[in-house]
Structures are given as structure tokens and as C-alpha cells.
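Shown next, in C-alpha cells, is the structure this report addresses.
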Protein chains: 2
Amino acid sequence: MAERRPGRTPVGRKLAVTSKAVGTAFNAALAEQGGSVPVWLILDSLKHGRWTTQLDLARPLGIEGPTLTRHLDNLEAGGLVVRHRSDSDRRAVSVELTTAGEEAYERMLGAVIAFNRRLQAGLTADELRLLDDVLTRLGENVRT
Amino acid sequence: MAERRPGRTPVGRKLAVTSKAVGTAFNAALAEQGGSVPVWLILDSLKHGRWTTQLDLARPLGIEGPTLTRHLDNLEAGGLVVRHRSDSDRRAVSVELTTAGEEAYERMLGAVIAFNRRLQAGLTADELRLLDDVLTRLGENVRT
DNA sequence: TATTGTTATACTCTATAACTATA
DNA sequence: TATAGTTATAGAGTATAACAATA
């Protein structure tokens, strides 16, 4: 069996456990504003218009089309977004935030900012930069 | 709306998206050996005997008692662990890996080692140390 | 009364396969 | 035939509340 150096957990295990803890806390912070992590990621993408087709939206978030459809169904039922088919290509669907959606987004944004402040407490700018860089490379390393 | 410096995503969002991608890939690697991330974490804890009561096992993994019970039910149904009540305290339950459980653990360990190698590709020892340290502090920052 | 663990129940997020409607 | 999106269906992981057994 592999020996472990004291204080060093295999990075995969560490990332799995930490990200679960952080994700759960992130979800809890968003739940107070009626949101969740995937919902926040979707609203944020809509807000910043970083996409064209729904698959282009889903892919970077690591979800498949039907999962996005389901989230959009819920958001639409909650009155946060509206969908209507495009005129130029009637297969395509345009999704927009409603006024209520914008307001919900802003509330969640407040929770996200507060959460990030708490999460980053005690970390230097250098450490945050390096964390960002390392996470990027980890993501690339597992991309199929 | 908050401006974003180029190349810098809020750490919460980055961690959420990256850990989802890494977690999905980790799960896929374990699934080839009949496992999953939570199952691996549980088997690994059993293997290293780092616990006494089931709650002591569940807590560090970020799950609640009933969730652990469910996983142990599945593991027992699959013949990987056996449970029997302790003689000294008949409320407590002792959980042990069977021979089949040990074998499954070893197969998963191979997958985990290979996965970690892939995950860490291109990262220096210094970067890994810092990542470990930073993840620890992030976990502490969200601990309730 | 407090603790250990289980049962009952239900929720969220997710995916694959098959489908509709366009193109 | 290919593409955009949805519907149908199913599964994994999780939690809260109530419970049983034991201390």
C-alpha cells in the first residue's frame, strides 16, 4: 500500500472532499435566495450572454441538454425566464431573464459575493491567482 | 455589476465548475471498477480504520448518518463489507471489509492512482503542496 | 435522557434514449 | 440527413423526521 506523507492527502481525494463541503455551503447560501449552484451558474450565463444555442450553454457548465431543459422549465415556471423560438431558425430557442429573474439574480449575486468573501478569508492575492491557475490545469487534465 | 479581471473567475464559481468536472471524471474512473466517489471514500476509511462510530466516519466525508447507512447497505448487499453489533456496546455496529471488499478496494486503488497521476500532470510538487494547503483553508472557511 | 444506528420518505441533480420540429 | 430542443424514464446521492435499541 502506498505510504502517505504526513499532511498530504492525494489531490483527488482532497479535492473531492473539499469541493463537496464548499459546494454544500455554496448551495446553502444560494438556497436562502431561492437558488442553487446549477441555477446560479445558468442565470449568470444568461445574464452575461455567453452563449448561442442551449448546448453551448450547457457544455461549459458540465451538464447535458435535457438537464438544462429541466432547469429552464423550473426557472420559467417560477417566472424568472421566458423562452420563445427564434424567427431566423425556428428550431432554436431564445431564453431571457424577466424582471423577476433579474431581481432574483441580483439577490443571488449578493449571496455569492458574501460567500466568496467568506471563502477567501485569509488567502493572499497570490494564492488566489495560483489557485485559479491550478484549478484551470486540473480541469484541462481531466477533459476527455 | 461587478467587473471581472481578465482570466480571473470568482473562486467559488471556478471551484464549483472545476470540481464538478473533476468529480465526474473521478466517478467514471471508479465506475469502471464498480465504485463511485462516496463508495471509494468509505472503503478507504474502512481500510485505514480511521473511525469508531458510524457518525465519526460520516462526518469527515461530509455525509449524514442515513446516507452512510444506505451506502453500507449497498456494500453489504454486494458482499464487500459485513456488519455486526459490538459486544461491549450493543448500539454500536462494527463494519469490516470482506475478502471481496479488499479485492474491490485494491482494484479501485489502482484506478485512483492512475486518475491522480493524470490529474496532477504538469503540476510541480510546490504547486501540489500549495493546492493542498489552500484547499484545507477553503474547507475551514466554510465549516459551520 | 442521551446515543447509535436504521427506516420511511422525499428531494435535487443528473443522464440516456427516443421523439418532434425544423433545417 | 443533421440539428435544436424536449419528453419519457430512470438512477445516484443526499437529507430530515421518526423510530428502535441500548446505555
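Applying the salt bridge (charged side-chain N to carboxylate O under 4.0 Å, His left out) rule to pairs touching residues 112-126 of chain A yields A/D126-A/R129, sequence neighbours excluded.
Dashed line: the shortest gap from a side-chain N or O of A/S36 to OP1 or OP2 of C/dC13 is under 4.0 Å. Between C/dT12 and A/H71, no contact under 4.0 Å exists linking OP1 or OP2 to a side-chain N or O. Considering only side-chain N and O atoms, B/R85 lies nowhere under 4.0 angstrom from the phosphate OP1 or OP2 of D/dT22. Contact check, A/Q54 against D/dT6: a side-chain N or O comes under 4.0 Å of OP1 or OP2. For B/K20, a side-chain nitrogen or oxygen approaches OP1 or OP2 of C/dT14 to under 4.0 Å.
To the nearest angstrom, C1' of D/dG13 lies 6 Å from CZ of B/R70. Here D/dT7 presents its P atom at 8 Å from CZ of A/R83, a figure rounded to the nearest Å. Look at CG on A/N74: it is 12 Å from C1' on C/dC11, rounded to the nearest Å. Atom NE2 in A/H84 sits about 20 Å away from atom P in C/dA21, given to the nearest Å. Summarising the geometry, the separation between CG on B/L72 and C1' on C/dT4 is reported as 13 Å, rounded to the nearest angstrom. Distance CG (B/D73) to C1' (D/dT14): 14 Å, rounded to an integer number of Å. Nucleotide D/dA20 holds its C1' atom 13 Å from the CZ atom of B/R90, rounded to whole Å. Atom CG in B/L30 sits about 15 Å away from atom P in D/dA12, given to the nearest Å.
In this structure B/R107 satisfies the side chain to side chain donor-acceptor pair (under 3.5 Å) test with no other residue, sequence neighbours excluded. Listed by chain and residue number, A/L55 satisfy the side-chain contact (heavy atoms from CB on, under 4.5 Å) test with A/R59 (two or more places apart in sequence, or in another chain). Applying the side chain to side chain donor-acceptor pair (under 3.5 Å) test to B/D133 and every residue at least two apart in sequence or in another chain returns B/R137. For B/R83, the side chain to side chain donor-acceptor pair (under 3.5 Å) partners are B/D73, B/E76, not counting sequence neighbours. A search for side-chain contact (heavy atoms from CB on, under 4.5 Å) contacts involving A/S36 returns A/N27, A/P38, A/V39, not counting sequence neighbours. Under the side-chain contact (heavy atoms from CB on, under 4.5 Å) criterion, A/T24 pairs with A/K20, not counting sequence neighbours.
B/W40 and B/Y105 have parallel rings, their planes meeting at less than 30° on a 0 to 90° scale where 60° marks the start of perpendicular.
Within residues 59-69 of chain A, the residues approaching DNA chain C are A/G62, A/I63, A/E64, A/P66, A/T67, by heavy-atom distance under 4.0 Å.
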With side-chain contact (heavy atoms from CB on, under 4.5 Å) as the test, would you mind laying out the steps for A/L131 and B/L138 before giving the verdict?
CA-CA 11 Å; A/L131 177 62; B/L138 292 181; 3.8 Å; yes
Between protein and nucleic acid, restricted to nucleotides 1-3 of chain D and to nitrogen or oxygen atoms under 3.5 Å apart, what atom pairs and distances do you find?
residue	atom	partner	partner atom	Å
D/dT3	O4'	A/R91	NH1	3.4
D/dT3	O2	A/R91	NH1	3.0

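Summary of the strand contacts: A/D89 and A/V39 both lie near DNA chain C, and taking for each the nucleotide with the nearest heavy atom, the more 5' one is attributed to A/V39.
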